[in-house]
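In listed order, ligands and their atoms are each counted from 1.
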Amino acid sequence: MQFTNSIRAFEAASRVIPGGVDSPVRAFGGVGGTPPFIKEAKGAFMTDIDGNRYIDFVQSWGPLILGHANEVIEEAVIKAVKKGLSYGAPTEVETELAASICGLFDTIDKVRFVSSGTEAVMSAIRLARGFTCKHDIIKFEGCYHGHSDALLVKAGSGAVTFGNPSSPGVPEGTTKHTLLARYNDLESVRACFEASEGVACVIVEPIAGNMGFVPSSPEFLEGLRTLCDTYGALLIFDEVMSGFRASLRGAQGVFATRPDMVTFGKVIGGGMPVGAFGARAEIMAMLSPEGPVYQAGTLSGNPIAMNAGLASLGEIIRKEASLYPRLKELAQRLTVGLEAAARANGIPLQTGFCGSMFGFFFNENPVRNFDEALRSDTKRFAAFHRGMLERGVYFACSQFEAGFICEPMDEAMIDTVIAHAHEVMKTL
Ligand SMILES: Cc1ncc(COP(=O)(O)O)c(C=O)c1O
Ligand SMILES: N[C@H](C=O)CCC(=O)O
């Protein structure tokens, strides 16, 4: 494979954009080399500016559950574009998308739309603080909730890939109310509650994808529920990634535990910039203009993004019965195949999946939290990533990210990927 044009494009980008990218995870810093620059994508595949074609397990970091350039979403967007790009005034499509989300979750009476997952989480936390009149928040090491100041503490995703999970530029005062606990460890959460003068909320990725793929145990989530109830704190599920992916109802379709608030992003925008947060009416009533907690956005509820989201959600709701079991089967086929390829070559590999999210760690032992994830062999991951890329397989360029299956993938594609994995594992 030749990457000449991408290398040149990356050099040009680096002269005018810090690190050559607009979001750090894209820069291939965790695996070396330079990122392919993408020209176009369709279904399961992306093509770069050198003409290389890749089966894409990143899918824009999760949103594209129906694959690239899905016709139904594309048509909805084109139709909407012809009616104007933004009004800064209410539209009926916002109500339709909100009703569609509320209809899926017994925990959500109302939602507010924003333009990114970061905004959704930041706003949800402000609302939780306003509702409970308490200040502290509990987050988990290795979970990533976007790049707002208070949450960039031992964060996952690009923050850990680039070795600065707690970012310079975030004043100590901003994070003094952020308490850190260990994922899947209830005692560490209890200790945070006991040490605090008032916890407004616990925020958790119920199925973590930003320290690699690490699911919660059911007991852990249920224990969080009990602790929140005991101490009068709200439980927030950050489902920006797992929402509509782990199942149509995200983690709430997988676990019995019910949160007080939920944040969404990615899939609900169908590939356009959308985030949302929702809760029962009593909590949402605190939000401006109904209540005193201020939250706003010039482009929030943007009509193009709302139409893309509505088309995306409409399709996955319509196809739920066939789509979700199929995505899960493909995720299972892939992870079982990767594990077999590793085993055949004496390489320790831990794999996991939930619905259409999956992950793998080059690690001797099962991974249940951030510390265990950090013990993975990132050098081996980098070599594996490079070998697969050169064979036309695009996995996330960090050991600490999840992967995604999309509708246009099929068994034959997965089997080809597994065959490539056998070849690459031999070289590690
Ligand atoms: C769980 C989770 N929360 C929040 C975010 C932030 O979303 P965004 O990148 O759209 O700001 C992400 C992804 O980036 C995420 O995976
Ligand atoms: N892990 C992040 C989101 O889920 C990756 C996306 C980004 O930050 O660009």
Side-chain angles (χ1 to χ4, degrees), residues 17-31 35 38 56-65 113-125 137 139-153 155-162 164-165 167 183 201-216 236-246 250-251 259 261-277 297 299-300 302 305 308-309 354 356-359 370 373 394-404:
I17 299 172
V21 291
D22 283 315
S23 194
V25 292
R26 299 176 197 171
F28 273 45
V31 289
I38 304 305
D56 177 19
F57 290 104
V58 177
Q59 294 291 325
S60 190
W61 303 93
L64 309 178
I65 192 164
F113 292 111
V114 292
S115 300
S116 69
T118 298
E119 265 189 89
V121 173
M122 187 181 76
S123 309
I125 284 184
I137 61 176
K139 89 168 272 290
F140 295 92
E141 294 170 354
C143 282
Y144 177 70
H145 303 289
H147 60 95
S148 67
D149 284 359
L151 291 159
L152 274 185
V153 188
S157 187
V160 57
T161 304
F162 290 91
N164 44 2
S167 173
Y183 201 71
C201 61
V202 173
I203 182 157
V204 64
E205 284 183 73
I207 298 158
N210 286 295
M211 50 178 138
F213 173 84
V214 183
S216 295
I236 305 178
F237 276 7
D238 181 356
E239 297 237 52
V240 167
M241 189 186 285
S242 55
F244 312 99
R245 276 243 166 231
M261 298 177 81
V262 190
T263 55
F264 297 113
K266 303 194 191 261
V267 168
I268 52 158
M272 296 291 289
V274 180
F277 58 104
L299 294 175
S300 292
N302 170 268
C354 184
S356 59
M357 275 175 80
F358 69 88
F370 192 41
Y394 194 89
F395 281 126
C397 50
S398 164
Q399 174 68 104
F400 308 111
E401 297 284 356
F404 304 98

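Contact atoms of ligand 2 toward Asn210: 1 (N), 2 (C), 3 (C), 4 (O) (distance under 4.0 Å to a heavy atom of the residue). Atoms of ligand 2 found under 4.0 Å from any heavy atom of Ser23, numbered from 1 in the order shown, are 7 (C), 8 (O), 9 (O). Heavy-atom proximity to Met241, at under 4.0 Å, picks out these atoms of ligand 2: 4 (O).
Remark: ligand 1 and His147 share no N or O pair separated by less than 3.5 Å (distance only, no angle test). On a distance-only criterion, Asn210 and ligand 1 share at least one N/O pair closer than 3.5 Å. The shortest N or O to N or O distance between Asp238 and ligand 1 is under 3.5 Å.
Contacts with ligand 2 closer than 4.0 Å are made by no heavy atom of Arg26, backbone or side chain.
A donor-acceptor pair shorter than 3.5 Å can be found between the side chains of Glu239 and Ser242.
Of all the heavy atoms in Ala276 and Val114, the pair that sits closest is N-CG2, 3.9 Å. Closest approach of Gly142 to Glu205, counting heavy atoms only: O-OE2, 4.3 Å.
Here the heavy atom of the protein found nearest to atom 6 (C) of ligand 2 is Trp61 CG, 3.7 Å. The single protein non-hydrogen atom nearest to atom 2 (C) of ligand 2 is Ser157 OG, 3.2 Å, given as residue, atom name and distance. Considering only non-hydrogen protein atoms, atom 4 (O) of ligand 2 sits nearest to Lys266 NZ, 2.8 Å.
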